[in-house]
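Report on the structure given below.
Predicted, not measured: the structure shown is a model, and the values here were computed from it. What you see below is based on every heavy atom in this structure, not just the backbone, and it leaves out hydrogens, waters and symmetry mates.
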Amino acid sequence: MKIVIVGGVAGGMSAATRLRRLMEDAQIVVFEKGPFVSFANCGLPYYLSGEIDEREKLLVQTPESLAARFRLDVRPNHEVTTVFPATKTVEVVHDGKKSIESYDALILSPGAKPVIPPINGIAEAENVFSVRNVPDIDKVMGALEHNPEQAVIIGAGFIGLEMAENLKKRGISVTIIEQASHVLPSLDEEMAAFVQEELTKQKIEVITAHAVTAFENGGKALRLDDGRVLTTDMTILSVGVRPDSQLAEKAGIKTGLRGGIIVDEQYQTSVPDIYAVGDAIVVKQQLTDEDTLISLASPANRQGRQVADVIAGLSRENKGSIGTAIIRVFERTAASTGLSEQAARKAGLPVEVIHVSGKDHAGYYPGATEIWLKLIFDPKTGKIYGAQGVGEKGVDKRIDILATAIKGGLTIFDLPELEFTYAPPFGSAKDPVNMLGYAAMNLAEGLSQSIQWYDLPEELAKGNQLIDVRNPDEWANGHFKEALQIPLFELRERLNELDKNKAYIVSCHSGLRSYLAERILKQAGFDVRNLDGAFALYQAVRPEELVFPDK
């Protein structure tokens, strides 16, 4: 059997190597239009700053090593330009010469290509770059030899922020422009606010809710939609990717969402004996069963292995993806899995949300740092829709656990039952994931009622009274304008100051003490709700609405 694979890297090479392990006698040919068939594209930004110190470390495998180890016929700089399904052949161009290659099964793994927005003057700009592969990063490295002083990143997604960090580490002044209302648009606003705070701390200028409308002076000036003009020595485009599906479309293969290749549960396209995997295919969002595009390495590797199993005769099924991702931005880590709150609400799901803060390990052990976790779930069934986390360290562990819980069908009621390794240097006796479960259960079972940060202004406008139960020294360092201060340790003795005909909202630093206050007030007959995330969360997302006496 002869299997031809178009495209290497995660999906294509995972398919090729798995096929060899299953089919020793198969002829396996891999065509890669670029010079490198197996490289670490997720590591490209870190090569800029020297954190990855050698270019060769980005090159995972070579055609020679793949031939020696797996007896694969890997051909870089070979572009498949046409597929002929009727004759089961492909046209290949190499060094300007065309040839025809036959196949019994064809796997398309063309990946995705950067979106180049139709901005006036972009074609004439000579200092604009995108980053998707090793030749791309080589061009950026070449530009750095001219010692640029100012760089602009258009797009504050994962790649954009990684590029911003590593350019800044080279001593370059960096400005980020994001059309959405906040950085990392895949995260909800209040969680992304912690990342934006870190960018500002690192002296990176962040411009949100604005777009570039024109490149001027050969790309050395950028005009924004509010009329501002920014000067730049180099600009990195990071506004997203789209499926590289032109080859499939030309072959008559059906495409769907944003041009993504449509495949069935066995990765079969609409054309017999042609399969597709990786960033170019439409997948199911496992939580909603809706079509989506997920350009991540882990799903692509899984898909490559599974399509190889299918071709080899094993029973495998593409179950979809939930989209689990993580990023480091200087001293802060942000990660997410599943649906954001915004996506869950947009899908019309019954949504409840809870935020908790905790430490990455026991608070009394040196070096403990804060983690914020957010859980999005169904308050009736306890089904977990998604989770997000931000902190200095330990975020990866918690989001990986929650991603596993979602994949395994666990609910909020299972989270307190999860057992984790515990010793002071590694965790807490009640891990933040356990605490998420406890807090979510309190909401689901009616022991607590909460409001979100974005609801607070409206609730106060309705006449609800905010009570801040933090200690006086905390209040002195910053507080809500409208809050009544009653420290938690005084609350029971001061209940007579409150009106049972009035509705109250309680807040503390992060939500724990205000939950305790809520329970005290509820059992005393008061109408009360807890401000989820409390002062610390509100301070991250809307600091301008708070009072800071020393400022």
Side-chain angles (χ1 to χ4, degrees), residues 190 352-359 363-364 370 372-375 377 379-380 382 412-413 415-416 428-540 545-547:
E190 77 280 15
E352 187 64 86
V353 170
I354 193 70
H355 299 80
V356 302
S357 71
K359 301 295 185 182
Y364 58 83
E370 188 173 50
W372 276 95
L373 293 178
K374 176 178 184 176
L375 193 71
F377 62 97
K380 292 185 179 179
I412 62 169
F413 304 103
L415 297 184
S428 301
K430 288 192 288 188
D431 190 86
V433 173
N434 298 135
M435 298 306 296
L436 267 183
Y438 287 127
M441 285 175 60
N442 284 337
L443 292 175
E445 295 174 348
L447 292 174
S448 178
Q449 293 173 294
S450 67
I451 69 165
Q452 292 304 309
W453 62 271
Y454 49 76
D455 291 323
L456 183 60
E458 182 180 352
E459 292 298 318
L460 295 178
K462 291 178 182 178
N464 293 300
Q465 175 64 56
L466 181 64
I467 302 174
D468 189 330
V469 299
R470 294 177 301 154
N471 296 332
D473 56 342
E474 294 174 280
W475 169 277
N477 289 325
H479 56 266
F480 291 99
K481 297 176 184 176
E482 308 87 349
L484 172 67
Q485 187 202 10
I486 304 180
L488 179 63
F489 62 84
E490 297 178 5
L491 182 59
R492 289 182 177 88
E493 287 70 36
R494 296 178 60 179
L495 292 179
N496 62 325
E497 299 177 23
L498 304 179
D499 183 354
K500 289 188 177 179
N501 295 315
K502 193 166 188 172
Y504 292 95
I505 299 166
V506 283
S507 174
C508 62
H509 175 72
S510 62
L512 175 58
R513 283 174 290 170
S514 53
Y515 166 64
L516 300 177
E518 180 193 10
R519 293 303 304 151
I520 292 169
L521 291 170
K522 266 187 165 63
Q523 293 178 85
F526 289 92
D527 178 2
V528 59
R529 289 171 293 169
N530 190 6
L531 177 60
D532 186 26
F535 182 84
L537 189 68
Y538 206 92
Q539 181 180 0
E545 297 178 8
L546 302 172
V547 176

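Side chain of N434 to main chain of L415: a donor-acceptor pair is present (N/O by atom type, distance under 3.5 Å, no hydrogens or angles). Side-chain atoms of K500 come within 3.5 Å of backbone atoms of A524 as a donor-acceptor pair (strictly under, hydrogens ignored). Proximity of a side-chain donor or acceptor of K374 to a complementary backbone N or O of V353 within less than 3.5 Å is not detected.
Nearest heavy atom pair, residue E518 against residue L447, reads OE2-O, 4.3 Å. The nearest pair of heavy atoms linking R529 to I451 is NH1-CG2, 3.4 Å. Of all heavy-atom pairs spanning N530 and S448, the tightest one is CB-OG, 4.4 Å. When all heavy atoms of P487 and P472 are compared, the pair lying nearest together is CG-CD, 4.1 Å. Closest of all the heavy-atom pairs between C508 and A534 is O-CB, 3.3 Å. When all heavy atoms of W372 and A536 are compared, the pair lying nearest together is CZ2-CB, 3.6 Å.
With rounding to the nearest 0.5 angstrom, the CZ atom of F480 is 5.0 Å from the CG atom of L531. Rounding to the nearest 0.5 Å gives a distance of 11.0 Å between NE2 of H479 and CG of L466. With values rounded to the nearest 0.5 angstrom, L495 atom CG is found 8.0 Å from I486 atom CD1. Taking CZ of R470 as the start and OG of S510 as the end, the distance is 10.5 Å to the nearest 0.5 Å. The OG atom of S514 lies 11.0 Å from the CD1 atom of I520; values are rounded to the nearest 0.5 Å. Put simply, OH on Y504 and NZ on K522 are 14.0 Å apart, with the number rounded to the nearest 0.5 Å.
Side chains of V506 and V528 form a contact here, defined as non-hydrogen atoms less than 4.5 Å apart. Two residues are said to be in side-chain contact when any heavy atoms from C-beta on lie closer than 4.5 Å; P379 and L443 fail this criterion. For the pair L521 and L498, the minimum side-chain heavy-atom distance is below 4.5 Å. Under the 4.5 Å side-chain criterion, counting only non-hydrogen atoms from C-beta, E352 is not in contact with K380.
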_Criterion side-chain contact (heavy atoms from CB on, under 4.5 Å) on R513 and N471, from CA distance to verdict_ = CA-CA 10 Å; R513 283 174 290 170; N471 296 332; 4.0 Å; yes
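The 12-atom threshold is exceeded at CZ of R494, counting heavy atoms of other residues, nucleotides or ligands nearer than 6.0 Å. Counting non-hydrogen atoms of neighbouring residues, nucleotides and ligands closer than 6.0 angstrom, the CD atom of E497 exceeds 12 such neighbours.
For E545 and Y538, the side-chain atoms include at least one donor-acceptor pair closer than 3.5 Å. Side chains of Q485 and D468: a donor-acceptor N/O pair is absent below 3.5 angstrom, by distance only.
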